[in-house]
Amino acid sequence: METLTRPGEHAPTNPPAVAFSSIMGICGLGLSWRAAGQVLAAPRAIGEWLIAIGIMLFIALSALYGIKTVRDPGIVVAEFRDPRSASNFACITVAVVIVAAAILPHAPSAALFLWVLGTGGQLVLFLTLLARWIAEPTEILHATPAWLVPIVGNVTATLPGVPLGFHETSWFLLAVGLVSWIAFLPLLLHRLIFCEDKLPQRLAPSLAIFVASPAVGCLSWLELTGRVDAVYRFILFTALFFALLVLRLWQLAVRALPVSVAWWAYTFPSAALASALIRYCQHVPGVGERLLAWAGLALTTIVVAGVGLISLRNCSLRLWLSVRSRPDHSTDPPGSARTSNAVSSK
């Protein structure tokens with residue numbers, strides 16, 4: 001994931017759109033623990049606490065991003081117009097849908113509102129980006145795995161859509177998402193394999209997004225059909241293969257150090273795969289399936305906790321530095337202009 005920035009853009013009070021991927025990861029992990037509480041007899045309180053943290057973060061980021069949009073609309077427009085970062089806006093709509101799925105058992109009316117808002121915004125965003133890629137000159141080097149985020153958003157919308165009663169709409173969303181994923185997958189693999197300019201090292205974590213589309217796809221298929229059949233297995237094992245590929249490319253992650261906001265790209269795909277493995281274990285009980293489900297949940301928890309703690313430390317450090325860098329007028333002489341203005345304002 002890549003964003004357009006200016007000096008101070010990554011300050012805590014000026015979050016980029018990709019920062020909403022943290023909500024996707026935290027709430028996604030909460031949903032995985034909620035499923036584990038139903039299937040694996042895991043403590044259900046863990047999932048609910050994670051969801052609560054994700055919702056509080058969602059409220060805070062929404063407020064900060066709203067302030068940024070009003071105060072610096074030019075930055076937001078530039079980020080949306082840039083083909084390298086425009087797809088990151090799907091992190092916002094997907095986060096809204098994930099929050100809707102998280103609060104659905106507790107607040108169905110609020111979940112319905114958020115689902116309509118997130119799904120509508122997701123469709124408009126995907127149509128806008130697709131039309132731009134077709135109508136305007138677009139370079140192959142602009143294509144990154146982050147282009148899959150709007151596609152993942154369409155599929156993710158089916159998860160709360162079915163319980164809310166939008167069955168046919170959910171079929172439409174799943175069809176759009178899967179067909180788009182099948183169409184864009186060869187394009188992205190061609191860009192990553194055959195182009196001389198390889199993916200920038202700082203974007204290496206975005207490779208994990210290859211896991212998200214099939215992982216969420218099989219969950220959506222289960223939500224719509226209610227069974228683990230050949231189609232579910234086919235999509236799930238595709239997600240497992242891409243997860244193994246991401247693990248095999250661990251050297252790229254090391255080169256992408258230090259941890260940045262782009263590392264949240266590891267969290268939501270991991271959570272989606274963990275949930276898919278848990279649901280697989282529910283319908284295909286066995287020792288191996290149970291161990292695989294626990295392994296996926298444990299690995300996702302470690303990833304989210306690690307990236308979250310480092311991000312919290314970095315955010316606190318940037319906030320402290322921004323406060324320290326503010327000019328201190330307390331030592332100005334009594335007759336200076338700044339001191340006179342301060343007295344006058346009082």
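Note that the numbering runs from 1 along the sequence shown for the chain.
- Between the side chain of S220 and the backbone N or O of V155, at least one donor-acceptor pair lies under 3.5 Å.
- Note that CD1 of I92 and CG of L61 are 9.5 Å apart. Values are rounded to the nearest 0.5 Å.
- Across V304 and G25, no two heavy atoms sit closer than the pair CG2-O, 4.1 Å.
- Residues V99 and I59 share a single hydrophobic cluster, defined by chaining ILVMFWY side chains whose heavy atoms lie under 4.5 Å apart.
- With hydrogens and angles ignored, the 3.5 Å screen pairs no side-chain donor or acceptor of S87 with any backbone N or O of P83.
- For the atom pair CG (L164) and CG (L104), the distance works out to 5.0 Å, reported to the nearest 0.5 Å.
- Side chains of S32 and S275: a donor on one and an acceptor on the other come within 3.5 Å.
- At least one side-chain heavy atom of W171 sits less than 4.5 Å from a side-chain heavy atom of L224.
- With hydrogens and angles left out, the side-chain atoms of W33 and T301 include a donor and acceptor closer than 3.5 Å.
- In terms of heavy atoms, Q38 sits closest to R44 at CA-NH2, 4.0 Å.
- Side-chain atoms of Q122 come within 3.5 Å of backbone atoms of P150 as a donor-acceptor pair (strictly under, hydrogens ignored).
- F20 has its side chain within reach of Y65: a pair of non-hydrogen atoms, C-beta onward, lies under 4.5 Å apart.
- Ring-plane geometry between H190 and F194 is classed as tilted, the angle between the planes lying from 30 to 60 degrees on a 0 to 90 degree scale.
- Contact check for K68 versus P73: no side-chain heavy atoms found under the 4.5 Å cut-off.
- Formation of a donor-acceptor pair under 3.5 Å by the R233 side chain with backbone atoms of V228 is found in this model.
- Between the T300 side chain and the S270 main chain, a donor and an acceptor come within less than 3.5 Å of each other.
- For the atom pair I182 CD1 and I151 CD1, the distance stands at 10.5 Å (nearest 0.5 Å).
- Atom-to-atom distance recorded for F268:CZ and C91:SG is 10.0 Å, nearest 0.5 angstrom.
- Using modelled atom types, no side-chain atom of R279 and backbone atom of E223 make a donor-acceptor pair closer than 3.5 Å.
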What's the verdict on side chain to side chain contact (heavy atoms under 4.5 Å, CB included) for D229 and Y232, showing C-alpha distance, side-chain angles and the deciding distance? CA-CA 5 Å; D229 53 10; Y232 187 96; 3.7 Å; yes

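- Hydrophobic clustering (ILVMFWY, side-chain heavy atoms < 4.5 Å, transitive): L189 and L141 are in one cluster.
- Inter-residue side-chain proximity for I46 and P43 is flagged as met; some heavy-atom pair is nearer than 4.5 Å.
- Contact of the E289 side chain with the L277 side chain is not registered, since no non-hydrogen atoms from C-beta on lie closer than 4.5 Å.
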Under the side chain to side chain contact (heavy atoms under 4.5 Å, CB included) criterion, do Y266 and L207 qualify, and how do the steps go? CA-CA 8 Å; Y266 283 118; L207 292 172; over 6 Å; no

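- Using a 4.0 Å cut-off between a side-chain N of Lys or Arg and a carboxylate O of Asp or Glu, E136 and R81 qualify as a salt bridge.
- Here the side chains of P200 and L203 are in contact, with some heavy-atom distance below 4.5 Å.
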Given the rule in the side chain to side chain contact (heavy atoms under 4.5 Å, CB included) test, do V246 and F210 qualify, once you have shown the distances and angles that lead to the verdict? CA-CA 9 Å; V246 172; F210 280 116; 5.6 Å; no

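- Side chain of S21 to main chain of A265: no donor-acceptor pair is present (N/O by atom type, distance under 3.5 Å, no hydrogens or angles).
- Scanning all heavy atoms of the two residues, the minimum distance from M24 to V94 falls at CE-CG1, 3.6 Å.
- Residues P214 and W181 form a side-chain contact, since some pair of their non-hydrogen atoms from C-beta on lies under 4.5 Å apart.
- Each of I310 and I302 belongs to its own hydrophobic cluster when Ile, Leu, Val, Met, Phe, Trp and Tyr are linked at side-chain heavy-atom distances under 4.5 angstrom.
- Remark: the backbone N or O of Q201 is not paired with any side-chain donor or acceptor of R255 at under 3.5 angstrom.
- In this structure a side-chain-to-backbone donor-acceptor pair under 3.5 Å is present from W147 to H142.
- T156 pairs with exactly one of T119, T93, V97 by the side chain to side chain contact (heavy atoms under 4.5 Å, CB included) rule, that one being V97.
- The shortest side-chain heavy-atom distance between S213 and I235 does not fall under the 4.5 Å cut-off.
- Atom-to-atom distance recorded for L273:CG and L236:CG is 6.5 Å, nearest 0.5 angstrom.
- Between F166 and W115, the angle of the ring planes stays under 30°, which puts this pair in the parallel group of the 30/60° scheme.
- The hydrophobic cluster containing W49 does not contain I23, counting ILVMFWY residues as joined when their side-chain heavy atoms lie under 4.5 angstrom apart, directly or transitively.
- The backbone N or O of G177 sits nowhere less than 3.5 Å from a side-chain atom of S180 that would complete a donor-acceptor pair.
- Shortest non-hydrogen contact noted between A157 and P160 is O-CD, 3.5 Å.
- Closest of all the heavy-atom pairs between V211 and F242 is CG2-C, 3.7 Å.
- Following chains of ILVMFWY side-chain contacts shorter than 4.5 Å, one can reach L219 starting from V231, so the two form part of one hydrophobic cluster.
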Give the intermediate values and the outcome of side chain to side chain contact (heavy atoms under 4.5 Å, CB included) for residues L187 and I140. CA-CA 9 Å; L187 170 67; I140 185 65; 3.4 Å; yes

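- The two residues C27 and I98 make their nearest non-hydrogen contact at CB-CG2, 3.4 Å.
- Distance check, rounded to the nearest 0.5 Å: CG of L31 to CD of E48 gives 9.0 Å.
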